[in-house]
K.L.:
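Here you go, one structure.
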Amino acid sequence: MKQGIPLKSGIIYGPVRSRRLGRSLGLNVSPVSYKLCSFNCVYCQYGWTDVHTLDTKPYAGDFPTVDDFTSALERILIEQKSEGIDNITFSGNGEPTLHPRFADLVDIAAELKKKYYPAARLGVLTNSSTVIMDKVHSALGRLDFRIMKLDAGNPETFREINRPCPQVDYQEILRYLKSMPNVTLQTMFVDGKFSNIGERQLAAWIERVGEIKPIKAQIYSLHRPAAASLLKEVPAEKLEEIAARTEDAIGVSVEAVVATAPYRPYTSEPGQR
Ligand code: SF4
């Protein structure tokens with residue numbers, strides 16, 4: 001049975017109201033009938049990746065078209081006029097920057113935002129795997145915010161937790177992250193069958209964060225069901241401890257994003273992935 005929550009069924013989701021972010025609108029520009037991603041993270045809320053690739057040309061017909069994206073976004077922005085939108089974020093079913101025309105979508109969303117909600121902020125939640133592509137790199141730079149994934153301080157942990165497709169190179173991602181201004185790093189810490197909170201792994205992660213020098217890092221743990229079984233949520237106290245240790249060591253501000261309640265307990269059932 002496929003683990004995880006169902007994929008989003010359309011281009012727009014939300015807006016949702018959150019205390020931290022205000023009213024946020026999500027943009028899903030990935031296919032809706034299967035999960036396509038350049039990573040296969042053990043903790044992914046959508047379960048295991050169906051199409052694992054950085055090359056999306058063979059799947060181009062499965063992504064939303066530029067016209068459909070434009071009309072869906074304009075429609076919701078008009079509908080929400082009286083309520084207001086604070087943030088518009090590319091995220092969704094897989095890695096949003098893998099859309100073959102991601103750079104055009106960024107420019108269209110920026111125009112529509114300017115027309116309807118000039119005060120709103122336009123950004124992306126990305127797994128960082130595409131920063132090496134010139135067009136994506138420059139489109140990321142045109143956004144108001146970039147929340148970029150870094151779950152591992154070394155290539156071994158990267159392979160274990162994020163399971164990238166073969167074309168993705170950890171050192172290349174690091175090199176580009178270091179060159180990108182105003183990055184917010186986002187890190188998922190997990191424990192159990194797969195873990196990135198061992199002492200050696202944490203020390204390496206802190207070192208990499210110090211090299212990247214993000215404007216801040218957000219760290220969190222499982223809030224949703226995960227692709228792999230036998231994963232354990234990292235307790236809030238441990239996240240707070242990692243945040244304090246990182247701030248002390250390298251002076252980067254770290255926010256521990258703590259779930260109000262663990263989504264599901266650790267299970268020790270045999271025979272699960
Ligand atoms: S990068 Fe995001 S969508 Fe892709 S497998 Fe990891 S958690 Fe899932």
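Counting starts at 1 for both ligands and their atoms, following the listed order. For reference, positions follow the sequence shown, starting with 1.
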K.L.:
Assess whether ring pair (Phe, Tyr, Trp, His ring centres under 6.0 Å) is satisfied between Phe39 and Phe158, documenting all intermediate values.
P.N.:
CA-CA 10 Å; Phe39 285 5; Phe158 178 57; 5.5 Å; yes
K.L.:
Would you please determine whether Lys35 falls within less than 4.0 Å of ligand 1 on a heavy-atom basis?
P.N.:
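The answer is yes: ligand 1 sits under 4.0 Å from a heavy atom of Lys35.
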K.L.:
Test side-chain contact (heavy atoms from CB on, under 4.5 Å) on Tyr13 and Leu27 and set out the steps.
P.N.:
CA-CA 6 Å; Tyr13 56 100; Leu27 305 178; 5.8 Å; no
K.L.:
Please name all residues satisfying side chain to side chain donor-acceptor pair (under 3.5 Å) with Asp62, sequence neighbours left out, ordered by chain then number.
P.N.:
Tyr34
K.L.:
Anything protein N/O/S under 2.8 Å from atom 6 (Fe) of ligand 1? Just list residue and atom, please.
P.N.:
Cys41 SG
K.L.:
According to salt bridge (Lys or Arg N to Asp or Glu O under 4.0 Å), does anything in residues 74-84 pair up with another residue at least two apart or in another chain? List the pairs.
P.N.:
Glu74-Lys115
K.L.:
Could you tell me whether Arg101 atom CZ has more than 12 heavy atoms of other residues or ligands within 6.0 Å of it?
P.N.:
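Atom CZ in Arg101 is not packed in, count stays at 12 or less.
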K.L.:
Under the side-chain contact (heavy atoms from CB on, under 4.5 Å) rule, collect the residues that match up with Val254, sequence neighbours excluded.
P.N.:
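Only Ala217, Ile219, Ala243, Thr246, Glu247 meet the side-chain contact (heavy atoms from CB on, under 4.5 Å) criterion with Val254.
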